[in-house]
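What follows is a single structure, written as structure tokens, with notes after it.
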Amino acid sequence: MSLRGRSRRRGGRPLNAEVNIINLVDVMLVLLIIFMVTAPILQSGIVVRLPQSSAHSNAPSETVTITVQRNGQIAVGDTRESWGEFTASFPILVNTKHPAGVNLRSDAGTPMGDVVRVLDLVRRAGVDKINLVTEQAGS
């Protein structure tokens, strides 16, 4: 069998072993644009209207964020939980992750009793550093 016969396909055209990278770059750029547009939307999580304060604090990076909404719903991170689920799961979370502190976000219209209940449970779970997250005044 000749070498010339191997290098040609049935149609008579030689094989093209080059990679067409233009299509790969096009797909990659489209995916990059999609992720750039959707990342801020996914990052925001649970929306609450924070109370305003003129004080500024730097929260430690190894913290757990708890959000108390106006309707009484509680969320740990982005996971919404009922009060019963929160009372059962938060002490377990503290024992497994050992957070440096808790960032407590609550809506400005949340009843104070709901916030105090959450604060009490956080303290009983063994977390001493609790940051109350507020919005910068005048923003």
Side-chain angles (χ1 to χ4, degrees):
M1 186 162 206
S2 72
L3 191 59
R4 184 176 177 198
R6 282 190 207 173
S7 66
R8 296 193 176 260
R9 295 191 309 180
R10 287 187 186 170
R13 296 182 314 185
L15 289 175
N16 183 5
E18 295 177 11
V19 175
N20 187 355
I21 203 160
I22 294 173
N23 294 334
L24 178 68
V25 170
D26 287 345
V27 170
M28 185 182 68
L29 288 175
V30 168
L31 288 174
L32 179 67
I33 291 170
I34 290 171
F35 287 131
M36 287 173 56
V37 169
T38 58
I41 296 169
L42 297 175
Q43 186 180 17
S44 63
I46 298 167
V47 178
V48 292
R49 193 181 52 123
L50 296 171
Q52 293 188 352
S53 170
S54 60
H56 178 65
S57 67
N58 294 327
S61 60
E62 297 294 324
T63 59
V64 175
T65 301
I66 300 173
T67 305
V68 183
Q69 292 181 308
R70 182 179 292 197
N71 61 4
Q73 270 194 326
I74 300 168
V76 178
D78 289 332
T79 308
R80 294 183 180 177
E81 299 178 353
S82 67
W83 176 252
E85 292 170 337
F86 178 68
T87 57
S89 67
F90 188 73
I92 296 169
L93 176 88
V94 169
N95 288 333
T96 56
K97 290 194 176 182
H98 304 290
V102 167
N103 292 330
L104 181 59
R105 301 172 65 222
S106 75
D107 195 284
T110 302
M112 191 62 169
D114 292 345
V115 176
V116 170
R117 270 190 346 175
V118 171
L119 282 171
D120 184 47
L121 181 70
V122 169
R123 296 285 297 174
R124 282 188 284 140
V127 178
D128 293 328
K129 295 181 182 177
I130 302 171
N131 300 314
L132 298 176
V133 180
T134 60
E135 198 172 75
Q136 193 72 18
S139 300

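Keep in mind that this is a model prediction, so the values were computed, not measured. Residue indices begin at 1 and follow the sequence shown.
Residue Leu104 forms a side chain to side chain contact (heavy atoms under 4.5 Å, CB included) with just one option from Val68, Asn131, Val133, and that option is Val68. For the side chain to side chain contact (heavy atoms under 4.5 Å, CB included) with Arg123, the lone residue among Val118, Asp128, Val102 that qualifies is Asp128.
Counting non-hydrogen atoms of other residues, nucleotides and ligands closer than 6.0 Å to CD1 of Ile21 gives a total of 12 or fewer. Residue Ile22 qualifies as open at atom CD1: its count of foreign heavy atoms under 6.0 Å is 12 or below.
You'll find the side chain of Arg117 stays beyond 4.5 Å of the side chain of Asp120, heavy atoms only. Trp83 has its side chain out of reach of Asp114: every pair of non-hydrogen atoms, C-beta onward, lies at least 4.5 Å apart.
When all heavy atoms of Val64 and Pro99 are compared, the pair lying nearest together is CG2-CB, 3.6 Å. When all heavy atoms of Arg70 and Pro111 are compared, the pair lying nearest together is O-CD, 4.0 Å. In terms of heavy atoms, Leu121 sits closest to Thr87 at CD2-CA, 3.7 Å.
The backbone N or O of Pro91 lies less than 3.5 Å from a partner atom in the side chain of Asn95, making a donor-acceptor pair.
Here the straight-line distance linking atom NZ of Lys129 with atom CG of Asn103 works out to 12.0 Å at 0.5 Å rounding. Taking NZ from Lys97 and OG1 from Thr63, the interatomic distance works out to 11.0 Å, rounded to the nearest 0.5 Å. Here the OG1-CD1 distance, from Thr110 to Ile74, works out to 10.5 Å after rounding to the nearest 0.5 Å. Expressed to the nearest 0.5 Å, how far CG of Asp78 lies from OG1 of Thr65 amounts to 9.0 Å.
The hydrophobic cluster containing Leu24 also contains Leu29, counting ILVMFWY residues as joined when their side-chain heavy atoms lie under 4.5 angstrom apart, directly or transitively. Both Val27 and Phe35 sit in one connected hydrophobic cluster of ILVMFWY residues. Membership requires side-chain heavy atoms under 4.5 Å apart, directly or through other members.
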